[in-house]
Amino acid sequence: LTPYEKKKYVWKMLYIYMLGYDVDFGHMEAVSLISAPKYPEKQVGYIVTSCLLNENHDFLRLAINTVRNDIIGRNETFQCLALTLVGNIGGREFAESLAPDVQKLLISSSCRPLVRKKAALCLLRLFRKNPDVVNVDGWSDRMSQLLDERDLGVLTSSMSLLVALVSNNHEAYWSCLPKCVRILERLARNQDIPQEYTYYGIPSPWLQVKTMRALQYFPTVEDPNTRKSLFEVLQRILMGTDVVKNVNKNNASHAVLFEALALVMHLDAEKEMMSQCVALLGKFIAVREPNIRYLGLENMTRMLLVTDLQDIIKRHQAQIITSLKDPDISIRRRALDLLYGMCDVSNAKDIVEELLQYLSTADFAMREELSLKAAILAEKFAPDLSWYIDVILQLIDKAGDFVSDDIWFRVVQFVTNNEDLQPYAALKAREYIDKPAIHETMVKVSAYILGEYSHLLARRPGCSPKEIFNIIHEKLPAVSPSTTPLLLSTYAKILMHTQPPDPELLKQIWAVFNKYGSCIDAETQQRAVEYHALSMKGSALMDVLAEMPKFPERQSSLIKKAEAAEADTAEQSAIKLRAQQQNSTALVLTDQRPANGAPPPENKLGLVKMPVVSNEQPVAAAAAAAAHTNGALTVVDPQPTTSLPSPDLLGDLLGPLAIDGSSVSTAPHSEPAATSGVEVGENGDALAVALVEQTNTIQPLVNVAEKFRTLCLKDSGVLYEDTHIQ
């Protein structure tokens, strides 16, 4: 093909590519045109190569020498074509081969500004691909000289390069800081700014934004004169920005303004200027333009990180709450983040009540996040725990589908650990479960609380054990199979609290147990059968089904869940603020998950403790550890003095009735494995009531060693069984 025919062929390839088709042919022809001596063919070669090939394409290696010859040549047009290609698709090989030549072009005083600004952007691309191509020691002075450039095109491109350099290592470029401030002064006073770089009356907003971005990578401005000049410029920007009708001018001026606000926060300006920034943001969150409202809310959330500004931000609480009802969901999310971040003891009631009110009309996409944050705020800043119970029950009532199990588990922990709260919680649970239509989560939490503490309401009208049972039993047909075992546990607890039992109530509960004793679900069937057998023991039921002990102190799993979630910048600001604020009066519980990953609360029985082997021990060692001593099954502990970890009581409480919740220290061979009474953990906390006999001989009904060998080949089965435990 002649050069002319090849050019036409390559142009057609580009047209096919522009139509959206993959062009996997003709690449060699496009690359070969780069070495053409005439401009028309060379231009086509560079354009098509830039569009069709990527930095890892093998054909690009063939063009490196040609590109280098064009860069170091004297033809400025060819230099621009070559720099544009490298700036778009240059990779590490280009960086290693061409970086020195590109640097010479950038600092050359004989090159026109058109070539130098392309060289700056080309060097930026190469630096990103391989930071080693820019020698820090040699470039700090050169970079400082580039900032003295009068041409704004070269200056803007050089500032982009500076932002990348200081983000990687700001220590080497301290000499550039005062020159950046002088550039801002020049732009702010509109001195010597060509008309072509003025955008709707704003002097080069792109250069202003990049300069302030570069300044944010320096820890501080130490020189007092430079600092004073910089704050004068920032003050001028803050005072001179207002909302106008022209959208383009608004976008440019507010881009500069919000970058100035970020710089003010970074420099830790005086409180007066910070207050001025908050006042300005307060004005912006009330305008009609949604983009400005969004940026105002986002930057006000960032302002929460600055100390002593919370009280000033609270003045705009009403307007922020109004933003929760904005048609734009992104603005509603920013308003929610801001309310979450600015909440403290003084305004927690108002904010949480607003969130609960908004919950009924909120988008489904926001309800889960809204529920979690309302629960965290209610827990962290509750003036009293009864208010906390009210809030969480309202939350479950209004948005049950979006309330995670962690939220109602937390209610269980608070009620269990605060005796004064138990009658009030039981009364509120009685009120909610009496409603004709409630969410299943409300059934769970109400049934749990009433099972444990309904006896505290026995003297109130409508709260007798029989009436409580009837109210809860009405919900049984509508609940899912996973909730049924929890209700069976509640019935057993109600029966335990009515000693001597009411014959009619006993008959009704036994009928339920008998019905579910043949249920297809193994968990439900096991509970029904075991509860029925236990209920026939009379007063012994009091010991077996005693109230659960208090939970150990631990950090809230809700707060950990919020902190662990991936969040945007505004959310991260709010989380950091939460860590800085005062400690709340709420209970703190260590978040310790059970070793076996047991699911949450469905069991209300006092737990039966059984010696088991830690999950960390090999299976063979577990089998070897099982031995019979005086007819009792014991576990041989190779390190009896080792302190064993405290089990996760909530995981045990809410998990299935399986006996794999904890590891216990074991008895020597010479002592019986079973004793009477309550077993106490090494921490001194009562762990659970052990179901034991006065006899020293508990005979297993199965051959444990044989069962172990069987289970090595199966996924389920019985390992140990006696008259009390399976």
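At most 12 non-hydrogen atoms from other residues, nucleotides or ligands lie less than 6.0 angstrom from CZ of Arg213. Atom NZ of Lys104 has 12 or fewer neighbouring heavy atoms from other residues, nucleotides or ligands inside a 6.0 Å radius. Atom CD of Glu368 has 12 or fewer heavy atoms from other residues, nucleotides or ligands within 6.0 Å. A 6.0 Å sphere centred on CD of Glu272 holds no more than 12 heavy atoms belonging to other residues, nucleotides or ligands. In Asp22, the CG atom is not crowded: 12 or fewer heavy atoms of neighbouring residues, nucleotides or ligands sit closer than 6.0 Å.
Between Leu355 and Leu336 the shortest side-chain heavy-atom distance falls below 4.5 Å. Val233 has its side chain out of reach of Val181: every pair of non-hydrogen atoms, C-beta onward, lies at least 4.5 Å apart. With a 4.5 Å cut-off on side-chain heavy atoms, Glu76 and Gln79 count as touching. The shortest side-chain heavy-atom distance between Leu295 and Arg334 does not fall under the 4.5 Å cut-off. A heavy-atom distance below 4.5 Å is found between the side chains of Asn248 and Tyr199. Residues Leu238 and Met273 are in side-chain contact: their nearest non-hydrogen atoms beyond the backbone lie under 4.5 Å apart.
For the pair Ala378 and Val352, the tightest heavy-atom approach, listed with the atom from each and the gap, is N-CG2, 4.2 Å. A pairwise comparison of heavy atoms in Glu185 and Ser229 identifies OE2-CB, 3.7 Å as the closest pair. Heavy-atom minimum distance, Ile313 versus Met342: O-CE, 3.9 Å. Minimum heavy-atom separation, Met274 to Val306: CE-CG1, 4.0 Å. The two residues Val31 and Ala63 make their nearest non-hydrogen contact at CG1-CB, 3.9 Å. When all heavy atoms of Val166 and Ala214 are compared, the closest pair comes out as CG2-O, 4.1 Å.
The pair Lys117-Glu149 fails the salt-bridge criterion, with no side-chain N (NZ, NE, NH1 or NH2) lying under 4.0 Å from an Asp/Glu carboxylate O. A salt bridge links Lys373 to Glu369: at least one charged side-chain nitrogen sits closer than 4.0 Å to a carboxylate oxygen. Salt bridge annotation for Arg116-Asp151: absent, with no cationic side-chain nitrogen under 4.0 angstrom from a carboxylate oxygen. In summary, Glu55 and Lys129 engage in a salt bridge, as defined by a charged side-chain N under 4.0 Å from a carboxylate O. The residues Asp344 and Lys314 are annotated as salt-bridged, a charged nitrogen and a carboxylate oxygen being separated by less than 4.0 angstrom. A salt bridge does not link Glu232 with Arg236: none of the charged nitrogens is closer than 4.0 Å to a carboxylate oxygen. By the 4.0 Å N-to-carboxylate-O rule, Glu259 lies too far from Lys210 to be salt-bridged with it. At a threshold of 4.0 Å, the pair Arg293-Glu289 does not count as salt-bridged, since none of the basic side-chain nitrogens sits closer than that to a carboxylate oxygen.
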>> Determine whether Phe381 and Cys343 satisfy the following criterion, side-chain contact (heavy atoms from CB on, under 4.5 Å), listing intermediate values before the conclusion.
In response: CA-CA 8 Å; Phe381 303 110; Cys343 185; 4.1 Å; yes
>> Let's go through Phe284 and Phe258 carefully: what are the C-alpha distance in whole Å and the side-chain angles of both, what is the deciding distance for side-chain contact (heavy atoms from CB on, under 4.5 Å) to 0.1 Å, and is it a yes or a no?
In response: CA-CA 11 Å; Phe284 287 154; Phe258 287 120; 4.1 Å; yes
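Separation of atoms CD1 (Ile292) and CG (Asn251) is listed at 7.5 Å; rounding is to 0.5 Å. In this structure, CE on Met159 lies 5.5 Å from CG on Leu207, to the nearest 0.5 angstrom.
The backbone N or O of Phe218 sits less than 3.5 Å from a side-chain atom of His266, completing a donor-acceptor pair.
A centroid separation of less than 6.0 Å is found between the aromatic rings of Phe402 and Phe364.
Residues Ser330 and Asp328 bring a donor and an acceptor atom of their side chains to less than 3.5 Å of each other. With 3.5 Å as the limit, one finds a donor-acceptor pair spanning the side chains of Gln103 and Trp139.
In this pair, His170 and Trp174 present their aromatic rings perpendicular. The plane angle is above 60°, beyond the 30 to 60° band.
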Donor-acceptor pairs under 3.5 Å, side chain of residues 356-363 to any protein atom, not counting sequence neighbours: which ones?
{"from": "Tyr358", "atom 1": "OH", "to": "Leu324", "atom 2": "O", "distance (Å)": "3.2"}
{"from": "Tyr358", "atom 1": "OH", "to": "Arg332", "atom 2": "NE", "distance (Å)": "3.3"}
{"from": "Thr361", "atom 1": "OG1", "to": "Tyr358", "atom 2": "O", "distance (Å)": "3.3"}
{"from": "Asp363", "atom 1": "OD2", "to": "Arg332", "atom 2": "NH2", "distance (Å)": "2.2"}

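Residue Leu215 is tested with Leu230, Val221, Val163 for a side-chain contact (heavy atoms from CB on, under 4.5 Å); the sole match is Leu230. With respect to Leu123, the side-chain contact (heavy atoms from CB on, under 4.5 Å) criterion is satisfied by exactly one of Leu98, Leu83, Val102: Val102.
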